[in-house]
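Count residues from 1 along the sequence.
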Amino acid sequence: MAEVEESSKPLFAGLSDISISEDIPVEGDIYVPLRDLRAVGQKFVHVMYPKKSSALLRDWDLWGPLLLCVTLALMLQGGSADSKEDGRPQFAEVFVIIWFGSVIITLNSKLLGGTISFFQSLCVLGYCILPLTVAMIVCRIVLLGGSGLTSFLVRLIVVTASFSWSTFASTAFLADSQPPNRKALVVYPVFLFYFVIGWMILTFSPSH
């Protein structure tokens, strides 16, 4: 008889006593992408107004560096939209130079005793490409008016200023993470890294 009474109970009778706490989120937060976008924008502001700060080291991300890298690579691919064979290698070349260079500088920093993580260093180096990306946009606009001596001098000034800004910004963020007696060994590869990017921007000429 007991077996009959047990079998007559609803199969999911015990589930009615389970309550879901109101503190447990049932749905995702749709504001997260907007928050991430705001964080990327704030990091751009920190690069344009660099100072010794850990702003780029806290909550690091690679969205900004990826965006800058793709933008710069697209603008440097020569404008030969009709030739896929010419465009793709140039895009890949710029992309590889930027990311491979960042990785080499990061490894060098770690080997010299740097205290920041691998991805934090990539974050700083990537975000500090912003001034050079702005320089590339300005140079493309200047080249619309011709490629004479005046155009070259204007582009030289813009690229030199942007190169100096990128180097200064990156070293301002990375300086405190390096041993005092080895800072020069860390700054020199950073100098070369941004110099190569600046040289590609300065020597860029759109294809006709």
Side-chain angles (χ1 to χ4, degrees), residues 40 43-48 50 52-79 86-140 155-179 182-205:
V40 170
K43 290 184 177 70
F44 284 152
V45 173
H46 284 300
V47 171
M48 297 309 296
K52 288 189 177 182
S53 168
S54 59
L56 288 187
L57 302 181
R58 298 191 311 265
D59 301 327
W60 60 266
D61 69 81
L62 298 180
W63 290 112
L66 180 61
L67 175 63
L68 293 173
C69 180
V70 171
T71 302
L72 191 58
L74 285 173
M75 288 190 295
L76 280 171
Q77 68 176 353
D86 292 339
R88 288 180 179 176
Q90 289 180 337
F91 178 90
E93 179 183 352
V94 176
F95 199 87
V96 169
I97 286 175
I98 292 176
W99 285 103
F100 184 74
S102 299
V103 169
I104 293 299
I105 294 174
T106 299
L107 291 176
N108 177 68
S109 173
K110 296 297 291 182
L111 291 174
L112 291 174
T115 57
I116 64 175
S117 70
F118 183 83
F119 289 106
Q120 284 176 327
S121 179
L122 288 182
C123 174
V124 171
L125 293 171
Y127 270 102
C128 289
I129 297 176
L130 177 62
L132 288 168
T133 305
V134 174
M136 184 67 229
I137 296 174
V138 174
C139 289
R140 291 294 296 254
R155 289 184 288 123
L156 177 62
I157 294 173
V158 171
V159 172
T160 301
S162 300
F163 156 73
S164 302
W165 198 275
S166 292
T167 305
F168 172 73
S170 61
T171 53
F173 288 111
L174 297 175
D176 292 337
S177 65
Q178 305 299 327
R182 297 181 178 179
K183 288 183 178 180
L185 297 175
V186 175
V187 172
Y188 181 67
V190 174
F191 176 89
L192 290 179
F193 173 64
Y194 292 122
F195 178 82
V196 170
I197 299 176
W199 181 258
M200 290 191 296
I201 295 173
L202 181 63
T203 56
F204 168 83
S205 60

> Roughly how far apart are Thr167 OG1 and Tyr188 OH, rounded to 0.5 Å?
Replying inline: 12.5 Å
> Say you draw a straight line from CD1 of Ile98 to CG of Leu122; how long is it, rounded to the nearest 0.5 Å?
Replying inline: 12.5 Å
> When you look at Val94 and Trp99, which way does the side chain to side chain contact (heavy atoms under 4.5 Å, CB included) test go after all the steps?
Replying inline: CA-CA 9 Å; Val94 176; Trp99 285 103; over 6 Å; no
> Which pairs count as side chain to side chain donor-acceptor pair (under 3.5 Å) when at least one residue sits in residues 100-113, sequence neighbours excluded?
Replying inline: Thr106-Ser121, Ser109-Gln178
> What's the shortest heavy-atom distance between Thr133 and Met75, and which atoms?
Replying inline: O-CE, 3.9 Å
> Below 4.5 Å, heavy atoms only, C-beta onward: do Leu68 and Phe44 meet side chain to side chain?
Replying inline: yes
Mind listing the side-chain donor-acceptor pairs of residues 192-204 below 3.5 Å, one per line with the distance, residues two or more places apart or on another chain?
unit_1 : atom_1 : unit_2 : atom_2 : d
Tyr194 : OH     : Leu125 : O      : 2.9
Thr203 : OG1    : Trp199 : O      : 2.7

> Given Phe95 and Leu72, is the side chain to side chain contact (heavy atoms under 4.5 Å, CB included) satisfied, shown in steps?
Replying inline: CA-CA 9 Å; Phe95 199 87; Leu72 191 58; over 6 Å; no
> Rounded to the nearest 0.5 Å, what separation is found between the CG atom of Leu62 and the CG atom of Leu67?
Replying inline: 12.5 Å
>> Could you check whether any side-chain heavy atom of Pro189 comes within less than 4.5 Å of a side-chain heavy atom of Ile104, counting everything from C-beta outward?
In response: no
>> I'd like to check the side chain to side chain donor-acceptor pair (under 3.5 Å) partners of Ser162; sequence neighbours left out, ordered by chain and number.
In response: none
> Nearest 0.5 Å, what's the CG-CZ distance between Leu132 and Phe163?
Replying inline: 8.5 Å
>> What's the separation between atom CZ in Phe100 and atom CD1 in Ile105, rounded to the nearest 0.5 Å?
In response: 11.0 Å
>> Looking at every non-hydrogen atom in both residues, tell me the closest pair between Trp165 and Val47 and how far apart they are.
In response: NE1-O, 3.1 Å
